[in-house]
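A short write-up of the structure that comes next.
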Number of protein chains: 2
Amino acid sequence: MTRPTEHEVLAAVLQIRADSLQVLAWQRALPPDSGRWALPGGRLGDDEDVERSVRRQLAEKVDVREVTHVEQISVFSHPDRVPGPRLIATAFLGLVPSDSDPAVPADTAWHPLTALPPTAFDHAAIVEAAHDRLRAKLSYTNLGFALAPREFTISALRDLYAAALGHPVSATNLQRVLTRRGLLEPTGEVSPPGPAGGRPAALFRFTDRTLRVTDAFAVLRPPSEQLRGAVP
Amino acid sequence: MTRPTEHEVLAAVLQIRADSLQVLAWQRALPPDSGRWALPGGRLGDDEDVERSVRRQLAEKVDVREVTHVEQISVFSHPDRVPGPRLIATAFLGLVPSDSDPAVPADTAWHPLTALPPTAFDHAAIVEAAHDRLRAKLSYTNLGFALAPREFTISALRDLYAAALGHPVSATNLQRVLTRRGLLEPTGEVSPPGPAGGRPAALFRFTDRTLRVTDAFAVLRPPSEQLRGAVP
DNA sequence: GCAAAAGTGTTCCTCGTACACCCATGG
DNA sequence: CCATGGGTGTACGAGGAACACTTTTGC
């Protein structure tokens with residue numbers, strides 16, 4: 001009675017490379033949409049939920065240990081989103097730190113979001129949704145940890161944020177905001193200046209490398225606790 | 001080779017009734033989980049995507065015209081989330097204004113989130129996720145329009161927000177915040193005071209009855225546009 | 001010394017919160 | 001005229017943005 005339905009997972013894996021936000025894709029060799037670029041993913045296995053599945057599938061493209069964050073975006077379920085048997089996709093955002101350069105298969109490459117080659121099916125919409133999610137979460141969570149190397153200078157971090165957000169970011173204020181929120185801590189080390197000279201930059205790391213919401217309820221927050229046992 | 005998989009949609013439909021946030025559920029008559037309360041929903045049809053499907057399925061429980069907002073929450077896909085053939089669920093949040101009292105089937109009733117009877121399968125987790133989403137969006141979008149009647153007094157609106165957020169809300173500040181953001185406009189009418197007297201309350205409405213983000217990028221926002229053509 | 005890059009101090013301003021005070025109605 | 005609920009004015013503070021200024025390096 002009902003048309004048979006398969007379920008797949010797809011991931012927009014983003015990384016900042018050469019000061020540009022890029023996405024991992026592979027070029028389809030076979031129809032449909034041969035020659036176009038597709039997101040990594042595949043059929044959901046019998047014994048896994050979608051989160052497990054997307055991590056398994058990514059392992060076939062890149063070393064999963066390099067993927068620092070994975071989160072569900074939304075379901076793409078238009079009946080004709082792909083030709084042939086019906087296929088419903090759960091889309092994910094994946095993030096890789098800027099200093100890792102995982103080996104990828106021959107048909108797979110990174111592409112800047114601003115110059116995406118023709119994409120297969122509805123994958124362009126998935127990339128856009130992932131980008132939107134990333135931009136939003138950078139501003140109210142500590143998600144920067146997933147794009148940044150273990151240790152970094154503030155100006156390197158500024159470049160990462162600027163590339164991901166798509167607008168200039170002030171190193172001064174970025175440091176102050178993240179420090180005030182307790183997200184950054186100095187390592188004590190410094191990084192030597194480049195050939196042009198300049199003061200050596202202090203190195204920092206994120207205090208926490210799991211997702212934390214740092215600016216929830218900017219407004220309409222609960223009344224101040226005053227003298228009750230404050231929960232920090 | 002792969003186990004056959006069905007796809008369903010489920011909705012946590014929330015409404016403020018009697019100053020309490022309640023969810024619509026129906027009591028299962030048959031196993032599995034008979035006697036337990038389940039969220040409205042059902043199998044995805046061949047010619048519809050998940051958004052269309054959830055609206056269609058809700059129409060069987062309540063008059064859809066009463067549902068002012070529907071949004072996707074997330075996918076629930078644990079292999080054993082229900083007994084029998086594998087069933088993947090896309091979960092939704094639905095909202096109904098506090099002044100509508102849609103007719104519902106005999107097996108269906110509203111339950112306060114704080115006193116939820118035993119629920120079927122993983123539906124309790126879906127309700128919790130929907131509640132979290134509602135709380136978050138109330139603070140940075142105009143989503144209040146979906147819970148409120150067409151016209152309302154500020155103190156009625158305060159009660160709605162307090163019930164949804166789970167903490168007291170100041171009418172003074174609520175009005176100021178929503179007005180500053182341009183979300184409220186006075187109708188010019190007033191509502192007569194109750195038997196205890198008091199000044200008649202002015203009536204307001206939301207200027208916009210579709211979802212709008214009003215507080216994006218609380219931090220790390222783009223540099224100020226200065227004298228360029230400002231986009232209001 | 002000078003240019004370049006990093007880091008700090010200071011000011012301004014927006015905006016949410018808290019709270020005192022004024023307003024309009026019923027009894 | 002007083003209790004009750006509605007509405008306004010104001011002061012405070014948190015925190016982000018902008019920018020001037022200082023520090024440390026290479027040449």
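Order of the sequence lines fixes the chain letters, A, B, ..., with proteins taken first and strands second; residue numbering starts at 1 for each chain.
Under a 4.0 Å N-O distance rule, the pair A:Glu8/A:Arg81 qualifies as a salt bridge.
Side-chain contact annotation: B:Arg205 with B:Thr187, donor-acceptor N/O pair under 3.5 Å absent.
For A:Ser155, a side-chain nitrogen or oxygen approaches OP1 or OP2 of C:dA6 to under 4.0 Å.
For B:Asp159 and D:dG6, the CG to C1' distance is 13 Å, given to the nearest whole Å. The CG atom of A:Asp215 sits 15 Å away from the P atom of D:dA14 (whole-angstrom rounding). Going from atom OH of B:Tyr140 over to atom P of C:dG16 covers 16 Å, rounded to whole Å. Atom CG in A:Leu165 sits about 15 Å away from atom C1' in D:dA17, given to the nearest Å. Note: CG (A:Leu203) to P (D:dT24) measures 17 Å, nearest angstrom. Rounded to a whole Å, the CZ atom of A:Arg221 is 7 Å from the C1' atom of C:dT17. In this entry the distance linking CZ of B:Phe152 with P of D:dG5 reads 21 Å, nearest Å.
In this structure, A:Phe152 has its ring center no closer than 6.0 Å to that of A:Phe145. You'll find the ring centres of B:Trp37 and B:His111 inside the 6.0 Å limit.
Residue B:Pro195 is in sugar-phosphate contact alone, with no base atom involved, counting any heavy-atom pair closer than 4.0 Å across all strands shown.
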Check: Do A:Gln72 and A:Thr90 pass the side-chain contact (heavy atoms from CB on, under 4.5 Å) test, and can you show the C-alpha distance, the side-chain angles, and the key distance before you say yes or no?
Finding: CA-CA 7 Å; A:Gln72 212 185 102; A:Thr90 301; 3.7 Å; yes

Checklist line | CA sep, side-chain torsions, deciding dist, call: A:Leu220, B:Leu174, side-chain contact (heavy atoms from CB on, under 4.5 Å) | finding: CA-CA 8 Å; A:Leu220 302 180; B:Leu174 181 64; 3.8 Å; yes

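Only A:Thr172, A:Asn173, A:Arg176, A:Val177, A:Arg180, A:Arg181, listed by number, bring a heavy atom of residues 171-184 of chain A to less than 4.0 angstrom from any atom of DNA chain D.
Of the listed nucleotides (D:dT25, D:dT23, C:dT17), D:dT23 has the atom at the smallest distance from the side chain of A:Arg199. Between D:dT25, C:dG7, C:dG26, one nucleotide has an atom nearer to the side chain of A:Pro200 than all others, and that is D:dT25. With distances taken from any side-chain atom of B:Ala196 to the nucleotides D:dT4, D:dT24, D:dG6, the minimum falls on D:dT4.
Remark: the backbone N or O of B:Tyr140 is paired with a side-chain donor or acceptor of B:Thr214 at under 3.5 angstrom.
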